[in-house]
Amino acid sequence: MADLRGKTVLLDFWTTWCPPCQADAPSIEKLNEKYGNKNLAVIGISVSEDRGIVESYLKKHPHNYPVVLSSENQLPRPYQIGVFPTYLIISPDGTLMTAAKGDQGFGKLRKDLQKAGLGIE
């Protein structure tokens with residue numbers, strides 16, 4: 001996370017079997033395409049699934065942002081998520097701005113990113 005200081009960070013906790021995660025994925029991808037080279041860093045975190053399952057899913061539904069496997073990394077306790085999708089937004093100074101659990105709609109996510117300082121049109 002230290003390497004991302006100065007950017008708004010969107011942590012997208014998801015699973016391959018989650019319909020709301022699948023529904024939001026194209027919008028997350030568009031956000032990354034539009035703002036990823038500017039001041040947004042999107043990191044997908046696949047929760048508790050084996051590499052083979054995630055790789056197979058990503059072949060059919062590619063992501064243009066990094067995806068981390070929680071099954072292969074020790075996530076800090078605050079990042080232990082059980083509702084999907086969950087979005088954590090971290091401001092450029094490293095402060096956790098919002099945590100949205102479940103399917104609350106992509107419009108809310110856009111507003112939360114704006115509150116964190118991301119200039120979204």
Are Y65 and L10 linked, directly or through intermediate hydrophobic residues, by side-chain heavy-atom contacts shorter than 4.5 Å (ILVMFWY only)?
yes
So E49 and T16, side-chain hydrogen bond (donor to acceptor under 3.5 Å, both in side chains) or not? Walk me through it.
CA-CA 8 Å; E49 293 185 292; T16 60; 2.6 Å; yes
Same apolar cluster: L58 and I53, side chain cutoff 4.5 Å:
no
Just by distance, do the side chain of D93 and the backbone of T95 share a donor-acceptor pair under 3.5 Å?
yes
Distance col, row T8:OG1 vs N39:CG, nearest 0.5 angstrom, shows 5.5 Å
Would you mind reporting whether L88 and L96 have side-chain heavy atoms less than 4.5 Å apart?
yes
So do I45 and V67 actually touch side chain to side chain, heavy atoms under 4.5 Å?
no
Nearest heavy-atom pair of F84 and F13: which atoms, and what distance?
CD2-O, 3.9 Å
Candidates I43, V42, T86 - the one meeting side chain to side chain contact (heavy atoms under 4.5 Å, CB included) with L11
I43
Would you say the side-chain atoms of H63 pair up with the backbone N or O of H61, donor to acceptor, closer than 3.5 Å?
yes
Assert yes or no for the condition that the ring centre distance of W14 to Y57 is strictly below 6.0 Å.
yes
Any sub-3.5 Å donor-acceptor pair from N32's side-chain atoms to N64's backbone N or O?
yes
Can you find a pair of side-chain heavy atoms, one from S70 and one from S46, that are under 4.5 Å apart?
no
OH-CG distance between Y35 and L113, expressed to the nearest 0.5 angstrom:
9.5 Å
Kindly give the heavy-atom pair with the smallest separation between R5 and P92, and that separation in Å.
CG-O, 3.5 Å
If every non-hydrogen atom of A116 is compared with every non-hydrogen atom of M97, which pair is closest and at what distance?
CB-CG, 3.7 Å
As an exercise, state the distance from CD of Q114 to CD1 of I89, rounded to the nearest 0.5 Å.
10.0 Å
